[in-house]
Amino acid sequence: MFKKQNINQLFVIASILFGAKTYVIYRFLFNINLENTMQEFILFINPFVTAFFVYALSVWFKPKHQTGYIKTVTILGSVILYLNLIFYRNFGDFLTIPILFQGSNAKDLGSSVISLLEWYDVLLFADVALIFYLAKPSVNIGEVAEKTRPKGRKLILSLSIVFLIGNYVLAEIERPQLLQRGFDREYLVKNIGLFNFHLYDIVQQSRSKAQRVLADGNELSEILTYIDEEATDRSTTDLAGIAEGKNVIFVWLESLQTFVINNELHGEEITPFLNSLIDDSYYFENFYHQTEQGKTADSEFVSETSLYPLPSGAVYFTHGDNTYQSLPQMLGESGYSTSVFHANNGSFWNRNVMYGTLGIDHFYDINAYNVTDDNTVGWGLKDKDFFEQSMKYLTSLQEPYYTRMITLTNHHPFSLDEEDATLMPFDSNSRTLNQYFQTVRYLDESLELFFDELKAAGEYDDAIIVLMGDHYGISDFHDRAMAMYLDKEEITPYDHIQLQRVPLYIHIPGEKGEVISTVSGQVDIKPTLLHLLGIEDDNELGFGTNMFGENRKDFIALRDGSFITEDVIYTKGLFYDRVSGELIEETDVLLELKERAQQELTYSDQLIYGDLLRFHDLNQ
Ligand code: GP9
Ligand code: MN
């Protein structure tokens with residue numbers, strides 16, 4: 001059938017066959033969400049680019065080993081693909097190293113494997129059969145006449161590397177910082193492919209495992225002493241136990257920053273509901289987010305563990321199976337049922353794994369919701385529909401409950417259907433900022449609706465409702481437009497820090513509340529809520545202190561080493577008066593504080609990298 005050829009033909013045919021098979025699996029058997037033509041394009045080229053790279057390596061083998069190599073990688077690749085497919089059919093997710101080696105997921109699969117197989121799966125191995133046939137000496141194509149010449153080999157290798165880089169560049173354009181931040185397994189797979197995702201996962205996991213193995217708990221006592229002396233406030237207040245036994249409804253306000261609260265656009269309040277809520281809530285006007293690359297996931301992590309996020313990547317991804325002392329776990333031990341509502345893929349930010357680690361009993365992810373073209377915008381289900389559809393689950397939670405509801409509509413790029421916009425956009429050179437006000441207003445309206453529904457369902461009176469902005473929504477990139485809105489000449493480093501304030505409301509029905517101006521941050525959430533719920537636990541540990549306490553730690557550190565005290569803001573090597581924003585001279589006391597903030601961040605990193613809390617008895 002084929003003329004006697006050298007090996008090049010077989011590796012090209014194998015690349016095309018395997019690439020095509022992988023594409024068919026990505027496109028039709030996995031449920032990968034494609035939002036635009038660029039994503040479609042990347043998903044299409046990636047299987048061929050990767051297959052070409054792997055098969056092209058065959059030209060470096062001795063002729064008699066080339067067919068063996070091609071056959072081996074074909075079988076191996078097909079098996080990896082197929083195992084992922086079976087796993088995906090059950091869990092809607094891709095395989096990872098922790099799942100393979102220690103996760104309970106794989107075990108759960110055992111009994112139901114047969115039901116996950118389909119008759120047409122046989123076809124997924126058709127290319128294997130064909131390659132084996134073509135590789136037979138009698139068919140000729142597999143018989144190598146001579147070794148590819150060195151020049152040819154180098155050319156093929158260079159070409160395959162250029163293709164890979166091209167694929168990566170496109171992925172990076174489509175999703176900046178994809179590899180540093182991880183985001184979601186689905187994002188990784190659709191941008192760099194399943195096989196490169198596995199390599200990425202192996203590198204990530206081995207890096208953190210190595211650090212874990214090298215840690216021996218010796219560092220722990222120094223860190224615990226620091227926490228005990230500097231970051232612990234066991235003083236009591238009038239509010240201790242004020243919400244004892246109540247349900248906790250903790251709403252994550254996507255990308256909401258404090259600068260919109262009690263502020264106007266075109267002479268109109270931007271957030272009328274949130275403004276009015278200040279009157280009967282504890283409202284913290286100098287509350288800072290402390291997130292880094294992991295954005296929402298970081299805000300969840302800091303708030304629930306009182307540890308800092310990592311300098312790069314999302315802890316949710318990189319250290320999803322560490323031992324932590326978390327708020328939900330502590331509440332669980334006090335009889336609370338714990339859950340999270342969020343209408344996104346369960347695997348986004350590795351939540352479906354991390355929530356187990358944090359002791360969250362149930363995760364109502366996208367599968368709990370009815371998501372249609374009409375009720376989605378931007379990142380997914382619109383917030384109003386999200387709250388509405390969540391009510392049936394919320395009302396059936398076992399009491400007392402602690403639940404978090406993560407909103408989504410006020411997310412970059414802040415798109416909104418015209419019929420949902422009740423505020424005119426801002427007019428500046430930044431479309432992002434212009435639209436931001438509109439989605440913020442939408443979020444405000446959806447919260448009002450949610451409060452009404454809680455009242456109608458009889459959930460309101462028995463609950464304490466916490467509302468918190470997760471992180472900034474408007475990055476430095478939009479400084480010019482931001483300065484224009486805030487009526488400033490420019491956004492200085494001081495302004496930048498002040499823009500990292502996010503709203504925090506603690507709303508206890510029946511309580512008057514007050515506006516609190518003391519400086520606080522997400523790291524303080526865990527001890528504060530425990531205090532209000534009357535759960536006094538001497539073993540509680542972390543870098544935050546009760547926000548109502550008398551002996552609070554005297555600074556709030558941001559992840560980049562900036563910090564804020566009642567008097568001073570330190571950032572980018574300069575000290576500012578916190579209130580006036582004027583530059584102030586550095587003093588020994590301030591420099592010492594700067595060292596302490598840095599030390600604290602390092603301690604937190606050590607705890608996470610070494611998984612040190614596994615050496616500590618969290619119950620005594
Ligand atoms: C994703 C949502 C947004 O599920 O929480 O994440 P973000 O991009 O803000 O980190
Ligand atoms: Mn977010």
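Both backbone and side-chain heavy atoms feed into the values below; hydrogens, waters and symmetry mates do not. Order of listing sets the numbers, starting from 1, for every ligand and every atom in it. Note that the numbering runs from 1 along the sequence shown for the chain.
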message: Below 4.0 Å, non-hydrogen atoms only: which portion of His412 touches ligand 1? Side chain, backbone, both or neither.
response: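 Contact part for His412 vs ligand 1: neither.
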
task: Give the contacting part of Asn345 toward ligand 1: side chain, backbone, both or neither, where contact means a heavy-atom distance below 4.0 Å.
output: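 Neither part.
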
Identify, for [atom], the protein heavy atom at the shortest distance, and state residue, atom and that distance.
atom	answer
atom 1 (C) of ligand 1	Asn344 ND2, 3.2 Å
atom 5 (O) of ligand 1	Arg351 NH2, 2.9 Å
atom 9 (O) of ligand 1	Thr296 OG1, 2.6 Å
atom 8 (O) of ligand 1	His411 NE2, 2.7 Å

Flag the pair [X] and [Y] as a salt bridge only when some basic side-chain nitrogen lies within less than 4.0 angstrom of an acidic carboxylate oxygen.
X	Y	value
Lys295	Asp470	no
Lys190	Glu174	no
Glu304	Arg404	yes

- prompt: Do ligand 1 and Trp349 have nitrogen or oxygen atoms that lie under 3.5 Å from each other?
  reply: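 Yes, at least one N or O pair falls under 3.5 Å.
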
- prompt: Is there a nitrogen or oxygen of Asp470 sitting under 3.5 Å from a nitrogen or oxygen of ligand 1?
  reply: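 N/O-N/O distance below 3.5 Å does not exist for this pair.
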
Only heavy atoms of [X], strictly under 4.0 Å: list the atoms of ligand 1 that pass.
X	value
Phe348	1 (C), 4 (O)
His342	1 (C), 2 (C), 4 (O), 5 (O)
Glu254	3 (C), 9 (O)
Leu408	2 (C)
Trp379	1 (C), 3 (C), 8 (O)
His471	9 (O)

Are [X] and [Y] close enough that some pair of their side-chain heavy atoms sits under 4.5 Å apart?
X	Y	answer
Phe414	Gln438	no
Thr403	Val340	no
Leu85	Phe30	yes

message: Is Thr296 close enough to the Mn ion (ligand 2) that one of its N, O or S atoms comes in under 2.8 Å?
response: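 A backbone or side-chain N, O or S atom of Thr296 is under 2.8 Å from the Mn ion (ligand 2).
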
- prompt: Can an N, O or S atom be found in His471 less than 2.8 Å away from the Mn ion (ligand 2)?
  reply: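 So His471 does bind the Mn ion (ligand 2) by this criterion.
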
- request: Taking the six-membered ring for Trp and the full ring for Phe, Tyr or His, determine whether the centres of Phe543 and Tyr308 are under 6.0 Å apart.
  value: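 Yes, the ring of Phe543 comes within the 6.0 Å limit of the ring of Tyr308, centre to centre.
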
message: Restricting to N, O or S, what is the name of the atom of Asp470 that lies nearest the Mn ion (ligand 2)?
response: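 Going through the N, O and S atoms of Asp470 one by one, OD2 ends up nearest to the Mn ion (ligand 2).
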
- prompt: Between Tyr402 and Phe250, how do the two ring planes meet: parallel, tilted or perpendicular, split at 30° and 60°?
  reply: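 Rings of Tyr402 and Phe250: perpendicular, over 60°.
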
query: Stepwise, does the ring pair (Phe, Tyr, Trp, His ring centres under 6.0 Å) test hold for Phe94 with Tyr88?
result: CA-CA 6 Å; Phe94 304 98; Tyr88 192 92; 5.2 Å; yes

For residues 497-504, run the donor-acceptor check on the side chains, cut-off 3.5 Å, and write out each pair with its distance to 0.1 Å, sequence neighbours left out.
residue, atom, partner, partner atom, Å
Gln498, OE1, Tyr288, OH, 2.4
Gln500, OE1, His289, NE2, 2.7
Gln500, NE2, His496, O, 2.9
Arg501, NE, Gln498, O, 3.0
Arg501, NH1, Asn286, OD1, 2.8

message: Using a 6.0 Å distance limit plus a 45 degree cone around the ring axis, check whether Lys384 lies over the aromatic ring of Phe387.
response: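 No, cation not above the ring by the 6.0 Å, 45° rule.
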
